[in-house]
Colleague: 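Take this structure first; my questions come after.
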Amino acid sequence: MIKRLTISPIFLIISLITYDLSKSDILLYSTISTISFWIFVILILPTSFYNYIKDGIVKNWRKKIFWLIVGLYISYHVILYSFFFYLLLPGSIRAISFSLSFNAGIGYSLPPPLTFFLEWVSNSPAIWFFIGPYEGDIIPFSTFIGVILALLIGLNVMEIIKLWGISNKLSKSIVLVPSLGVVSGSSCCVFLPSIIMYSIALSISSITATILSILSSFTYFVLAYYGLPIISATVLFHNLTLLNKLNKKLSFNR
């Protein structure tokens with residue numbers, strides 16, 4: 001941990017330097033800045049997180065269901081999530097198109113003032129694509145947090161399956177508690193409040209301005225975009241540690 005913390009500032013400095021240089025070559029330096037910043041974040045994550053992830057992957061390396069769960073969640077979180085917003089637009093479901101056309105490209109944004117640096121490295125550069133009329137975006141922050149959430153969800157599910165297998169009939173009800181932890185942790189970053197409020201705003205014209213002003217506020221953006229996924233990851237990691245300890249205790253007592 002000490003070694004990682006010693007190295008991490010180097011990547012943060014590189015990220016800030018290339019952020020400044022990006023005014024001359026946006027795509028190149030934006031890519032370097034973003035990659036360097038997220039390497040910095042990876043390096044400062046606590047050792048306990050890596051230990052649980054590493055041990056879990058080693059134990060479940062050959063289990064197809066684990067990788068299926070991880071793959072499905074990453075696909076949803078990183079690629080498919082933005083499609084759901086399109087479907088919420090009034091009349092969009094009736095106008096669903098099954099066109100097989102596909103377009104994709106790389107997008108990037110101009111370097112903003114330093115106060116918006118975090119938002120910049122979270123969104124630029126990005127891969128955008130259209131399948132028919134439906135747009136999807138693969139951006140740095142959603143990819144980073146999506147991989148973390150997918151691994152945590154997969155490991156939680158595997159621990160729950162193990163817990164179910166070693167529990168007797170009377171104690172199987174305890175599996176419900178950690179299962180709820182997984183559901184709450186994985187769903188809190190789905191931004192259901194945003195989806196519901198957005199849908200209502202578009203459906204009831206008398207409150208459209210009020211709701212859209214809330215959704216467009218900087219405070220709500222920070223909470224929904226950064227806060228909820230981080231809270232999700234924290235809940236799932238805490239749930240995983242409890243499941244791991246419970247499984248070890250029950251296995252020891254058998």
Colleague: Quick check on the 6.0 Å ring-centre criterion: do Phe117 and Tyr19 meet it?
Modeller: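 Distance test on ring centres: under 6.0 Å, yes.
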Colleague: Provide the closest heavy-atom pair for Pro111 versus Lys23 in the form atom of the first, atom of the second, distance.
Modeller: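 It is CG-CG, 3.6 Å.
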Colleague: Looking only at heavy atoms, what is the nearest atom pair of Pro229 and Leu149, with distance?
Modeller: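 Taking every non-hydrogen atom into account, O-CD2, 4.1 Å.
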Colleague: Mark yes or no for whether Ser36, through its side chain, and Leu12, through its backbone, hold a donor-acceptor pair below 3.5 Å.
Modeller: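 Checked: no pair found.
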Colleague: Are Leu68 and Ile153 co-members of a hydrophobic cluster defined by side-chain heavy atoms under 4.5 Å apart?
Modeller: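 Unlinked, Ile153 and Leu68 end up in two clusters.
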Colleague: Ignoring hydrogens, what is the shortest heavy-atom contact between Thr31 and Leu27? Give both atom names and the distance.
Modeller: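 In this case the closest contact between Thr31 and Leu27 is OG1-O, 2.7 Å.
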Colleague: Given 3.5 Å as the limit, does a donor-acceptor pair link the side chain of Ser15 with the main chain of Phe11, or not?
Modeller: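 Absent.
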Colleague: So, applying side chain to side chain contact (heavy atoms under 4.5 Å, CB included) with Val157, which one of Ile69, Leu243, Val70 is it?
Modeller: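 That would be Ile69.
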Colleague: Using a 6.0 Å cut-off, check whether atom OH of Tyr108 has over 12 heavy atoms from anything other than its own residue.
Modeller: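 No, OH of Tyr108 has 12 or fewer neighbouring heavy atoms, counting only those of other groups under 6.0 Å.
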Colleague: Check whether Trp67 and Ile161 end up in the same hydrophobic cluster, where Ile, Leu, Val, Met, Phe, Trp and Tyr are linked by side-chain heavy atoms less than 4.5 Å apart.
Modeller: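 Yes; tracing contacts between hydrophobic side chains, which count when under 4.5 Å, links both residues.
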Colleague: Hey, are Ser22 and Ser30 close enough side-chain-wise for a donor-acceptor pair under 3.5 Å?
Modeller: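 Ser22 and Ser30 do not have a side-chain donor-acceptor pair below 3.5 Å.
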Colleague: Okay, side chain of Arg4, backbone of Phe40: is any donor-acceptor separation there less than 3.5 Å?
Modeller: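 No: the side chain of Arg4 does not pair with the backbone of Phe40.
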Colleague: When you check the gap from the basic side-chain N to the acidic O, do Glu159 and Lys59 get nearer than 4.0 Å?
Modeller: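 Salt bridge present between Glu159 and Lys59.
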Colleague: Do Leu28 and Leu21 sit in the same hydrophobic cluster, where Ile, Leu, Val, Met, Phe, Trp and Tyr count as joined when their side-chain heavy atoms come under 4.5 Å apart?
Modeller: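 Yes; tracing contacts between hydrophobic side chains, which count when under 4.5 Å, links both residues.
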Colleague: In terms of hydrophobic clustering (I, L, V, M, F, W, Y; side-chain heavy atoms under 4.5 Å; direct or indirect links), are Trp61 and Tyr52 co-clustered?
Modeller: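 Same cluster: Trp61 reaches Tyr52 through Ile, Leu, Val, Met, Phe, Trp or Tyr contacts under 4.5 Å.
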Colleague: Which label fits Phe49 and Phe237: parallel for a plane angle under 30°, tilted from 30 to 60°, or perpendicular past 60°?
Modeller: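 Ring orientation of Phe49 relative to Phe237: tilted.
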Colleague: Would you indicate whether Ile65, at its atom CD1, is surrounded by more than 12 heavy atoms from other residues, nucleotides or ligands within a distance under 6.0 Å?
Modeller: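 Open: at most 12 neighbouring heavy atoms sit under 6.0 Å from CD1 of Ile65.
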